[in-house]
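Please find one structure pasted underneath; my questions will follow.
Quick caveat, the model's predicted, so the values are computed rather than measured. Below, read A as the first sequence line, B as the second, and so on, with proteins coming before strands; counting in each chain starts at 1.
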Protein chains: 2
Amino acid sequence: MASSAPRSADVARLAGVSRKTVSRVLNDEPYVSDEARRRVLAAAGELGYRLNHAARALASGRTRSLGVVALGTAGYGTASLLVHIEQAVRDAGYALRVINTPDGDPEGIAGALAALLEQGVDGVVVSEPVVQGEVPLRVDVPVLFLGAPPSFTATRTLTASVAAHELARAATEHLLDLGHHTVHHLAGPRHWYATKDRIQGWQAALAARGAHEPPLLNGDWSAASGYAAGRALASDTSVTAVFAAGDEMAIGLIHALREAGRRVPEDISVVGFDGNPVFAYVSPPLTTVRQPFAAAAREGIRLLVHAIEKPDDELPQADEPPVELVVRGSTAPPPSHRDRLLPHSR
Amino acid sequence: MASSAPRSADVARLAGVSRKTVSRVLNDEPYVSDEARRRVLAAAGELGYRLNHAARALASGRTRSLGVVALGTAGYGTASLLVHIEQAVRDAGYALRVINTPDGDPEGIAGALAALLEQGVDGVVVSEPVVQGEVPLRVDVPVLFLGAPPSFTATRTLTASVAAHELARAATEHLLDLGHHTVHHLAGPRHWYATKDRIQGWQAALAARGAHEPPLLNGDWSAASGYAAGRALASDTSVTAVFAAGDEMAIGLIHALREAGRRVPEDISVVGFDGNPVFAYVSPPLTTVRQPFAAAAREGIRLLVHAIEKPDDELPQADEPPVELVVRGSTAPPPSHRDRLLPHSR
DNA sequence: CTGAAAGCGCTAACAG
DNA sequence: CTGTTAGCGCTTTCAG
């Protein structure tokens with residue numbers, strides 16, 4: 001009949017030590033005899049003692065929690081990122097608080113940050129930042145932006161790369177290497193940093209080869225928006241290659257193109273972005289670039305935890321995440337290029 | 001130069017009231033004059049006051065946080081559920097703590113629960129429960145199981161339906177209605193409750209029509225596992241209809257079938273499970289059943305919050321989530337059935 | 001409707 | 001290596 005949850009005083013009594021010694025053991029502090037440590041651990045186990053995080057936070061001023069401002073979509077990209085962030089946070093010995101912000105709400109992320117700060121977190125990661133003006137907000141903990149320049153004034157703002165620029169560039173170059181004269185780009189919503197990065201990577205690849213930069217196509221990450229873009233594009237036979245900023249948009253795009261009678265990859269090549277493994281099993285299997293979600297989350301959290309625990313140290317060097325192009329069946333040389341290899345070509 | 005964060009005493013001083021009155025205003029308690037309320041709010045705003053949740057939790061014994069034990073996969077189903085849980089939790093005025101448990105770890109969910117309890121939560125939701133023995137664990141807060149019978153001994157264990165049984169049944173009946181003599185089932189990992197529910201719904205539909213129950217096919221939710229099952233199945237021409245327990249498995253299955261020269265839906269019909277909208281844009285567009293993630297999360301959180309805030313009340317009635325079949329292009333009548341309608345048939 | 005006093009369970013600082 | 005003394009910032013009594 002447990003009357004109520006055991007407290008550190010109960011553990012101390014049973015172990016025959018002071019409360020402070022219990023505290024030391026529980027926090028892995030030095031200067032505790034092995035004997036005392038052993039007795040405390042045994043007593044805690046016996047009582048089923050569970051430390052009260054609220055009391056610890058109040059007394060120490062540190063919560064051992066991290067907050068993440070995420071995106072509230074079930075898309076493969078955002079979901080993957082969240083999963084890997086959670087794992088990295090847990091591995092670092094922190095608890096995780098999550099708040100989603102619906103896309104398109106410019107005030108959203110500021111509000112989410114404020115809520116997280118009030119709930120009590122030692123640091124925050126903004127998972128998929130959108131573009132917005134400087135938000136006036138007193139933020140006294142380090143904030144990590146995954147894949148975007150900082151737009152808040154915080155004690156310490158950090159940024160970890162998600163390699164979007166390099167990946168977009170690799171995707172575009174793959175198409176150029178195949179012989180396409182230029183590559184169209186189906187972009188995401190303009191106010192996302194993820195969109196900007198990909199556009200810039202695409203532009204850089206085009207510029208490096210002296211290729212003409214065609215007008216941008218616009219989507220919203222959904223397959224439906226890719227489909228719409230595809231319908232608009234299908235009649236333009238000069239288009240031979242498209243780099244879509246997301247796998248799902250690529251899938252919608254291909255569907256529209258084929259409905260309109262254009263073959264993929266024979267007439268038009270399409271490359272996606274993200275690396276969702278399911279799209280290896282559609283026709284044609286989607287060529288894409290794999291986002292380094294795990295590496296980005298791990299590196300980012302490492303930076304954040306460092307900034308929290310050793311605020312005066314130099315920040316450690318962040319490893320650049322790997323760039324991985326996954327070539328499958330949705331890309332091929334352009335028709336003109338192929339004709340040259342056939343017998344009936346002039 | 002803010003020396004340090006303002007406290008409720010600072011607000012009280014500025015508003016010319018006691019700390020208790022500030023507390024009353026912040027907690028929406030009655031018996032505060034409108035005048036006092038207004039002054040407190042103004043003072044809080046002016047100072048940029050942020051309530052300290054740790055102190056509140058320590059003093060009140062309530063954290064206003066809910067914990068969720070989730071699954072750590074980026075699949076559409078689990079990700080959707082998490083997104084909707086987060087929203088429901090936020091709408092209910094609670095903060096959310098998340099811990100993922102890698103699939104297949106039987107101790108995982110017990111450990112996650114213990115960690116959540118230590119971090120401080122007023123209730124827990126176990127999002128995608130797996131089958132396991134009774135876990136001995138002192139859990140003194142209500143626990144909600146989404147789509148599974150309770151397997152922990154908690155003060156109060158709740159269950160909210162995700163309608164998996166009904167959806168599986170609807171998927172199977174759709175195939176039977178089309179004229180298929182029986183329906184094969186590609187199931188998920190056996191230790192998931194989600195797998196069990198779907199199997200039972202499928203069996204119920206078969207039994208109700210007196211259809212023969214073929215042996216189960218096994219997958220692990222991934223498209224790759226669906227592909228493997230499809231290769232094994234392709235040579236058996238007696239198979240005309242398959243209900244897959246997940247959209248991605250269905251996609252892999254269809255891919256293997258087509259590679260082996262079997263047409264979908266002409267030779268074999270396939271229905272998926274989940275309702276990921278992207279699969280409306282593949283060939284053939286996938287017939288599937290839509291899981292009521294939003295409704296299940298909303299109802300479940302409502303139950304959980306009720307159990308926390310009014311522990312002595314009767315639990316409110318849970319609405320049954322809707323059953324939605326999405327018929328697209330991957331299902332059709334079986335070959336035998338179709339022949340009967342053609343001119344050259346006898 | 002309002003306030004004063006007394007902790008919630010832990011860690012910080014300091015002294016042994 | 002160990003213990004003592006004070007709080008952390010809020011909410012809870014219970015009196016006005």
Arg302(B) side, atom CZ; Leu315(B) side, atom CG - distance, nearest 0.5 Å: 9.5 Å

side-chain contact (heavy atoms from CB on, under 4.5 Å) between Leu304(A) and Leu158(A), worked out: CA-CA 7 Å; Leu304(A) 185 58; Leu158(A) 319 167; 4.0 Å; yes

Out of dT2(C), dG3(D), dG9(D), which nucleotide sits closest to the side chain of Arg7(B)? dG9(D)

Filter on salt bridge (Lys or Arg N to Asp or Glu O under 4.0 Å), then keep only pairs touching residues 69-97 of chain A, sequence neighbours left out; what's left? Glu86(A)-Arg90(A)

Give a yes or no on whether a donor-acceptor pair under 3.5 Å exists between the nucleobase atoms of dG9(D), that is its base, and the side chain of Arg50(B). no

Tell me whether Asp34(A) at atom CG has more than 12 heavy atoms from other residues, nucleotides or ligands lying less than 6.0 Å away. no

Rounding to an integer number of Å, can you tell me how far Arg56(B) CZ sits from dC8(D) C1'? 16 Å

Can you check whether Ser23(B) has a side-chain N or O nearer than 4.0 Å to OP1 or OP2 of dC10(D)? no

Are OP1 or OP2 of dC10(C) and a side-chain N or O of Tyr49(A) less than 4.0 angstrom apart? yes

note: Arg62(A), atom CZ; dT11(C), atom P; distance rounded to Å ~ 12 Å

Output the rounded distance in Å from CG (Leu26(B)) to P (dT2(C)). 15 Å

Can a side chain N or O of Ser60(B) be found less than 4.0 Å away from OP1 or OP2 on dC10(D)? no

Between CD of Glu35(B) and C1' of dT2(C) the distance, given in whole Å, is 14 Å

Whole-Å distance, Gln119(A) CD to dC10(D) P, equals 16 Å

What nucleotide among dT11(D), dG9(D), dC10(C) has an atom nearest to a side-chain atom of Asn27(B)? dT11(D)

Taken to the nearest 0.5 Å, the spacing of Ile85(B) CD1 from Ser127(B) OG works out to 4.5 Å

When the distance from CD of Glu118(A) to P of dG9(D) is rounded to whole Å, what number comes out? 15 Å

Tell me the interatomic distance from Tyr31(B), atom OH, to dC14(D), atom P, rounded to whole angstroms. 17 Å

Name the closest nucleotide to the Ser18(B) side chain, picking from dG3(C), dC10(D), dC10(C). dG3(C)

Under the salt bridge (Lys or Arg N to Asp or Glu O under 4.0 Å) rule, what pairs show up with a residue in residues 55-70 of chain A, not counting sequence neighbours? Arg62(A)-Asp122(A)

Side chain of Val17(B): nearest nucleotide among dT4(D), dC10(C), dG3(C)? dG3(C)

Kindly indicate, with the supporting measurements, whether the criterion side-chain contact (heavy atoms from CB on, under 4.5 Å) is fulfilled by Leu113(A) and Val124(A). CA-CA 8 Å; Leu113(A) 250 164; Val124(A) 174; 3.9 Å; yes

N or O in side chain of Thr21(A) less than 4.0 angstrom from dG3(D) OP1/OP2: yes

Of all the base pairs, Watson-Crick or G-U under 3.5 Å, which form stems of three or more consecutive pairs involving DNA chain C? C:1-11 with D:6-16, C:13-16 with D:1-4

Taking OP1 and OP2 of dT2(C), is either one under 4.0 Å from a side-chain nitrogen or oxygen of Ser33(B)? yes

Can you measure Leu58(A) atom CG to dG9(C) atom P for me and round it to whole angstrom units? 12 Å

Among dG9(D), dC10(C), dG3(D), which is the nearest nucleotide to the side chain of Asn52(B)? dG9(D)

Taking the nucleotide of DNA chain C with the closest heavy atom to each, which residue, Lys20(B) or Arg19(A), is nearer the 5' end? Lys20(B)

For Ile99(B) versus Ala115(B), what's the shortest heavy-atom pair and its separation? CD1-CB, 3.6 Å

